[in-house]
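Note: hydrogens, waters and symmetry copies are ignored here, and every other heavy atom, side chains too, is used. For clarity, every value in this text was computed on a predicted model and none was experimentally measured. Ligands are counted one by one from 1 in listed order, and the atoms in each one are counted from 1 as well.
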Amino acid sequence: MEELKAIMEKFEFRNIKQEETEQAIVIEQVCFPPNEACSEQNMKDRISMVPELFLVAVDKKTGQIAGFLNGLATDEPAFRDAFFTDASLHHSDGKNIMLLGLDVLPEYRKQGLGRSLVFQYLQREREKGRHKVLLTCLDEKVKMYEKFGFVDQGIANSAWGGEEWHEMSCTLVSG
Ligand SMILES: CC(C)(COP(=O)(O)OP(=O)(O)OC[C@H]1O[C@@H](n2cnc3c(N)ncnc32)[C@H](O)[C@@H]1OP(=O)(O)O)[C@@H](O)C(=O)NCCC(=O)NCCS
């Protein structure tokens, strides 16, 4: 509770603005190695086409983005790598969300910001009536996402970055 209070005092959570595109591109490059990072063009596409599924945490002191979580909506039931590279697969009323990236700048880590981004994102999409949120992650992050309420579905149908990924999902509504 104390952690959440401190986070809400320090950060503003909202959709990304178009003029923050360059910031997001740089943050992605800081957070991920080149084989895993979203390309500049793909990031531009996501922000121009799906800003409503791009949640940012802005440091109230500096006005700069400290971290973000982005995704797109679809009726498809499983993750595939094309979601990373083709934002036109987004269907605004899709029942499921494919998460594409959780990024927190190094100087803001280990304070609960990643957790807050995920929880707020899940809450927002639950309120929109989405069914499920899916993501892929490396083995070392499975425990973290389990803490956030996701269930490990085993090895994903993904060859992103030449690595082996787990698919994880979180059901937002029953049925
Ligand atoms: C992973 C990342 C988003 C975590 O952000 P953060 O703000 O430091 O996370 P939080 O402080 O909210 O931590 C939440 C929980 O996740 C766990 N966790 C945090 N970073 C972790 C990491 N690198 N590996 C494994 N678990 C981690 C913590 O144990 C913590 O649980 P606890 O509070 O019970 O100890 C951040 O380190 C990052 O941007 N890394 C580079 C990009 C990346 O790997 N993104 C995720 C890709 S799937």
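Scanning for ring-ring contact (aromatic ring centres under 6.0 Å, His included) contacts around Phe83 gives Phe79, with sequence neighbours left out. When the side-chain contact (heavy atoms from CB on, under 4.5 Å) test is applied to Pro33, the partners found at least two apart in sequence or on another chain are Asn35, Glu36. A search for side-chain contact (heavy atoms from CB on, under 4.5 Å) contacts involving Cys31 returns Ile27, Asp103, Arg109, not counting sequence neighbours.
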Report all N/O contacts between ligand 1 and the protein shorter than 3.5 Å as a table of atom names and distances to 0.1 Å; if there are none, say 'none'.
from	atom 1	to	atom 2	distance (Å)
ligand 1	7 (O)	Gly114	N	2.8
ligand 1	8 (O)	Lys110	N	2.8
ligand 1	11 (O)	Gln111	N	3.4
ligand 1	11 (O)	Gly112	N	2.9
ligand 1	12 (O)	Gly114	N	3.3
ligand 1	12 (O)	Arg115	N	2.8
ligand 1	29 (O)	Lys147	NZ	3.1
ligand 1	31 (O)	Lys147	NZ	2.9
ligand 1	33 (O)	Arg115	NH2	2.7
ligand 1	34 (O)	Lys147	NZ	2.9
ligand 1	37 (O)	Arg109	NE	3.3
ligand 1	39 (O)	Val104	N	2.8
ligand 1	39 (O)	Val104	O	3.3
ligand 1	44 (O)	Lys141	NZ	3.3
ligand 1	45 (N)	Leu102	O	2.9

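In this structure, CG in Leu100 is found 9.5 Å from CD in Glu28, a value given to the nearest 0.5 Å.
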Please determine whether side-chain hydrogen bond (donor to acceptor under 3.5 Å, both in side chains) holds for the pair Tyr108 and Asp59, giving the CA-CA distance in whole Å, both sets of side-chain angles, and the decisive distance to 0.1 Å.
CA-CA 10 Å; Tyr108 293 101; Asp59 185 332; 2.6 Å; yes

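Judged purely by atom type and a 3.5 angstrom limit, Gln18 uses its side chain to pair as donor or acceptor with the backbone of Ile47.
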